[in-house]
Peer 1: 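This is the structure, below, for whatever I ask next.
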Protein chains: 2
Amino acid sequence: MADVKSGPNPLFLREEDLRQGIELLFYAYRDFTAEPDAMLARIGLGRAHHRVVYFVGRYPSITVTELLGILQITKQSLSRVLSDLVEQEYIAQRPGTKDRRQRLLTLTDKGVELERSLSDAQRARIAQAYRAAGASAVEGFRTVMLGIIDAEDRAKFPPPGKR
Amino acid sequence: MADVKSGPNPLFLREEDLRQGIELLFYAYRDFTAEPDAMLARIGLGRAHHRVVYFVGRYPSITVTELLGILQITKQSLSRVLSDLVEQEYIAQRPGTKDRRQRLLTLTDKGVELERSLSDAQRARIAQAYRAAGASAVEGFRTVMLGIIDAEDRAKFPPPGKR
DNA sequence: GGAAATAAGTCAACATGGCTGACGTAAAAT
DNA sequence: ATTTTACGTCAGCCATGTTGACTTATTTCC
């Protein structure tokens, strides 16, 4: 590997800590997504499908607008993957009862199974990291991650007491 | 928002913790990349360019092979963004002295400035999260993130003592 | 010294998943 | 009755990943 310390870029401690934070996020996300991506490729789907299946599993009967708010992509982008998933019967749509313009999304049995098999690799990775790190480290992890996430979405992560 | 607790998906505690871990990573990465992405879009570059500029800044005189190992993409994919960056003089190449087949990559002054302005938003986000969380939470964060990262790359993150 | 391996680059073609813009329909809200 | 909202769709563009095939220069190995 090229020498970190040499060259016109002497890193100081504080700066180094922040860089390390950036890189922890880069490497963790890279490795975290690699396994499900490989599984998805085998069945002709992509990471975008995984995200949709994941959040529909997480929030059964979620609306399209809510899903768009989470994913932060355009409805045209969502449409593409969502139609795939509906056509292939991973996801079912039904009209809302209160508001009949809505299409409430739920996983089919097939969808539940797909979601489980995809996220299992990720759950295993998290579980192993949590186990190795211990409860107080996990609490620190949670706290820092919440600080990185935009304030609007922090409410999605209720404190331990509320769970 | 759709009701988490209702429906055919009763979540239990342990399962819920793991899901929360998955989502912390999703939201953190989403928000972490949003600002630099917006800046990049204004100058006609993309996230891939940021990654290259970042790691060339991190490891001055890094070789193409080393960079490929970090990014875990094909050399054809890297080639595209790297040529952009060399053409636009963000990155300079020079042959290795020990091995003249290598093209050692370094940031130009212009590249240093780009890297700084892009990563500043990210550094600020990390710094704020670290400050709010406190030192022991940061240590926990580090530990859990390292557990998520594949073992091969953990050596890139020397323990505090070695820094 | 000659063969094989390695570092890097290139061309071509393709897939995925973002984006914008324009437009349509049904239902709800004002 | 009008406007707004939820959702969908068509068309086209761009960024960034992929595979496969092939070249050149240099180093390493026998």
Peer 1: Using the closest heavy atom to pick a nucleotide of DNA chain C for each, name whichever of D99(A) or L105(B) lands nearer the 5' end.
Peer 2: L105(B)
Peer 1: Does dT16(D) have OP1 or OP2 sitting under 4.0 Å from an N or O in the side chain of S77(B)?
Peer 2: no
Peer 1: What is the distance, to the nearest angstrom, from the CG atom on D37(B) to the P atom on dG17(C)?
Peer 2: 17 Å
Peer 1: Establish, for the pair R154(B) and Y27(A), whether the NZ or CZ atom is under 6.0 angstrom from the six-membered ring centre and no further than 45 degrees off its axis.
Peer 2: no
Peer 1: Can you check the L78(B) CG to dA15(D) P distance for me, whole Å?
Peer 2: 17 Å
Peer 1: Please give, in whole Å, the distance from dT20(C) C1' to L68(A) CG?
Peer 2: 15 Å
Peer 1: Rounded to the nearest Å, what distance is computed from the CD1 atom of residue I73(A) to the P atom of nucleotide dC7(D)?
Peer 2: 14 Å
Peer 1: Quick one: the side chain of Q76(A) and the base of dG21(C), do they pair up donor-acceptor inside 3.5 Å?
Peer 2: yes
Peer 1: Measuring to OP1 and OP2 of dG18(C), would you say a side-chain N or O of R51(A) lies under 4.0 angstrom away?
Peer 2: yes
Peer 1: Both K75(A) and T65(B) contact DNA chain C. Which one's nearest nucleotide lies toward the 5' end?
Peer 2: T65(B)
Peer 1: What is the distance, rounded to the nearest whole Å, between atom NE2 of H50(A) and atom C1' of dG18(C)?
Peer 2: 19 Å
Peer 1: Parallel under 30°, tilted from 30 to 60°, perpendicular over 60°: which one fits the rings of Y130(B) and F141(B)?
Peer 2: perpendicular
Peer 1: Distance check needed: dG17(D) P versus L40(A) CG, whole Å only.
Peer 2: 17 Å
Peer 1: Which nucleotide, dG18(C), dA28(C), dC7(D), lies nearest any side-chain atom of R100(A)?
Peer 2: dA28(C)
Peer 1: Kindly indicate, with the supporting measurements, whether the criterion side chain to side chain contact (heavy atoms under 4.5 Å, CB included) is fulfilled by D150(A) and R125(B).
Peer 2: CA-CA 9 Å; D150(A) 283 351; R125(B) 190 176 280 265; 2.9 Å; yes
Peer 1: Between P on dA13(C) and CZ on R80(B), what's the gap in Å once rounded to a whole number?
Peer 2: 14 Å
Peer 1: Give the rounded distance in Å between these two atoms: CD of Q72(B) and P of dT18(D).
Peer 2: 10 Å
Peer 1: Can you get from F26(A) to V144(A) by hopping between Ile, Leu, Val, Met, Phe, Trp and Tyr side chains that sit under 4.5 Å apart?
Peer 2: yes
Peer 1: Side chain of R101(B) only, heavy atoms from C-beta on: which candidate in dT26(D), dC19(C), dT5(D) is closest?
Peer 2: dT26(D)
Peer 1: Step by step, would you call I43(A) with L114(A) a side chain to side chain contact (heavy atoms under 4.5 Å, CB included)?
Peer 2: CA-CA 10 Å; I43(A) 57 172; L114(A) 176 64; 3.6 Å; yes
Peer 1: I want to check one thing: is the phosphate of dT18(D), taken as OP1 and OP2, less than 4.0 Å away from some side-chain N or O of T74(B)?
Peer 2: yes
Peer 1: Starting the side chain at C-beta, find the nucleotide from dA27(C), dT10(C), dA8(C) nearest to S79(B).
Peer 2: dT10(C)
Peer 1: So, does H49(B) get its side chain near the phosphate of dT16(D), meaning an N or O under 4.0 Å from OP1 or OP2?
Peer 2: yes
